[in-house]
There are 2 protein chains.
Amino acid sequence: MISRRSRPAKQPLSRELIVKTAYELLKEHGIEGMSMRKVAKALDTGPASLYVYVNNVQELSAYVLDYGLGQMVYPDSKDSTWKEQLFDLLHTYFLLLFEKPGLAEISLSTIPQGTNFLQLTERILAALHEGGIKSTSAAWGVDLLLLYVSSVAYEKVSWKKQGSSQISDAKKAFLQADKTQFPFIHRVKEEMFAGDTVSMERFRWGIDVILYGIQQEDN
Amino acid sequence: MISRRSRPAKQPLSRELIVKTAYELLKEHGIEGMSMRKVAKALDTGPASLYVYVNNVQELSAYVLDYGLGQMVYPDSKDSTWKEQLFDLLHTYFLLLFEKPGLAEISLSTIPQGTNFLQLTERILAALHEGGIKSTSAAWGVDLLLLYVSSVAYEKVSWKKQGSSQISDAKKAFLQADKTQFPFIHRVKEEMFAGDTVSMERFRWGIDVILYGIQQEDN
DNA sequence: ACCTGAACACCGTTCAAGT
DNA sequence: ACCTGAACACCGTTCAAGT
């Protein structure tokens, strides 16, 4: 009795294989495609099997995020200023999070588990060092920059997912805010949603703000 | 046949009552205590009943966050500088998110639905205006500041929840990072986790960085 | 040691029937 | 219009038994 499967001959399980499969599902179907049960099914087994290699979903998510980081192609920007280098680096990271739905979401709540994250951190620290930023500021600065990128990516992903309901309800609340009760909101309401689209203007603004601030704080 | 309940006589359902009940459950048991089913059970009904007043869990979460914002007691800091005012305001917001487990989590992924969020935004804009920040910078700055507060609160909450596993795994990875492969990480590894405890030093650092940066960017 | 089906204790949301 | 029990289609994790 030979069973015929669409998949090739079954490989033995391993954490690597589990993570890779989970990443593929995430890429294809977003974060909902990456449940323990669905990963198990894709590997032709029951969910209990995964727990030999991974302690829980959060841990799997952390591995998947790091695996995704491994797919990043670092920009080659030897000739540019340290700020430009940093911007390119963070922009590349942003695009990774933005293009693989689900990765942005994971990045907001999970510290990646693996060497690829160390590598990204190392590169950012190197650029900050080149900019003459002292070590405490650099250490805290990495965190702040990564957080910023994650959250902008997450915001843009959820904005893309549901053009109407959730976000434009909030938008409406601001645009319709009472002029006398909320005078300041009324004055800037249009600007609040500017640069919210494809343009990188607002993204760049945030990076610049943080870098300027770090330089100032560093003295 | 008189049924005796621990709860007082059953009030008719309303969105307000649902949100209040959800908030109470969140305060008591964190985000897991706030499922549609549990909120329904606390209200002595089935989960389907809630859908008359609320479209889905995310929407309920948005209302709950705004309800929480309504519990905020704004600091009275008329005499201080605009930066000090802003810091006090954001610190108060931080404490709210930090002390009600689950609120920090919601704040990272949900735009609050209601007037209380408008009120917080208005106050921040007022302070930025006093600091002479132009409107585009102010509009984008509010976002950046609130994002920062949410994420620091979320980080601290998850750090508090699980002292060992998830976070110290990441910590370990940094502390043990190979000296020759990751020279910059090696140089700053201790600083990366400094100020991660009770002290407000790091929180203040971040706010200062953002405010300095906004002022610079504003010219 | 590794693998697994079945079970446990949950979810959010919708349906169909009631008032 | 509002309310609701039951059903649908899922979750993550653990157990107990297999190899």
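The analysis underlying the following values was restricted to heavy atoms, covering all of them including side chains, and did not include hydrogens, waters or symmetry mates. Just so it is clear: chains get the letters A, B, ... in the order the sequence lines come, proteins before strands, and each one is counted from 1. None of these values were measured; they are calculated from a predicted model.
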[atom1] of [X] versus [atom2] of [N]: gap in Å, rounded?
{"X": "A:Lys41", "N": "C:dT4", "atom1": "NZ", "atom2": "P", "answer": "15 Å"}
{"X": "A:Tyr51", "N": "D:dA16", "atom1": "OH", "atom2": "C1'", "answer": "17 Å"}
{"X": "B:Glu32", "N": "C:dC11", "atom1": "CD", "atom2": "C1'", "answer": "12 Å"}
{"X": "A:Asn56", "N": "D:dT14", "atom1": "CG", "atom2": "P", "answer": "9 Å"}
{"X": "B:Met36", "N": "D:dC8", "atom1": "CE", "atom2": "P", "answer": "20 Å"}
{"X": "A:Glu59", "N": "D:dG12", "atom1": "CD", "atom2": "P", "answer": "15 Å"}
{"X": "B:Met34", "N": "C:dC10", "atom1": "CE", "atom2": "C1'", "answer": "16 Å"}
{"X": "A:Leu17", "N": "C:dC3", "atom1": "CG", "atom2": "P", "answer": "11 Å"}

- Query: Should D:dG18 form a Watson-Crick or G-U wobble pair with both distances under 3.5 Å, which nucleotide is its partner?
  - Reply: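 Because both required distances fall under 3.5 Å, D:dG18 counts as paired with C:dC2.
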- Query: Does any nucleotide pair with C:dA9 by Watson-Crick or G-U wobble geometry, both distances under 3.5 Å, and what is it?
  - Reply: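 Across all strands, not a single nucleotide pairs with C:dA9.
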- If you find the nucleotide of DNA chain C closest to A:Pro47 and the one closest to A:Ser14, which residue's nucleotide is nearer the 5' end?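 Result: A:Ser14.
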- Item | Along DNA chain C (nearest heavy atom to each residue), the more 5'-positioned of A:Leu50 and A:Arg37 |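 Here A:Leu50 is the residue nearer the 5' end.
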Within the structure, does a side-chain N or O atom of [X] lie under 4.0 Å from either OP1 or OP2 of [N]?
{"X": "B:Ser49", "N": "D:dT4", "value": "yes"}
{"X": "B:Tyr53", "N": "D:dC2", "value": "no"}
{"X": "B:Lys38", "N": "C:dC11", "value": "yes"}

Would you call the rings of [X] and [Y] parallel, tilted or perpendicular, where under 30° means parallel and over 60° means perpendicular?
{"X": "A:Phe184", "Y": "B:His129", "value": "tilted"}
{"X": "B:Trp140", "Y": "A:Trp205", "value": "perpendicular"}
{"X": "B:Phe193", "Y": "B:Phe174", "value": "perpendicular"}

- Task: Ignoring the backbone of B:Val52, work out which of C:dT13, D:dC2, C:dC3 is nearest its side chain.
- Result: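 Taking heavy atoms from C-beta onward, the closest nucleotide is D:dC2.
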- Sugar-phosphate only, base, or nothing, as touched by A:Ser35 at under 4.0 Å among non-hydrogen atoms: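 If one applies the 4.0 Å heavy-atom cut-off, A:Ser35 turns out to touch the sugar-phosphate alone, with no base involved.
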- Message: In whole Å, measure the gap between the P atoms of D:dA9 and C:dA9 for me.
- Response: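 To the nearest whole Å, 23 Å.
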- Might you point out which heavy atoms bring A:Leu108 and B:Tyr154 nearest each other, and give the distance in Å?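 Closest approach of A:Leu108 to B:Tyr154: O-CE2, 4.0 Å.
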- Query: Is it true that atom CD of A:Glu16 has more than 12 heavy atoms of other residues, nucleotides or ligands lying nearer than 6.0 Å?
  - Reply: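 No, CD of A:Glu16 has 12 or fewer neighbouring heavy atoms, counting only those of other groups under 6.0 Å.
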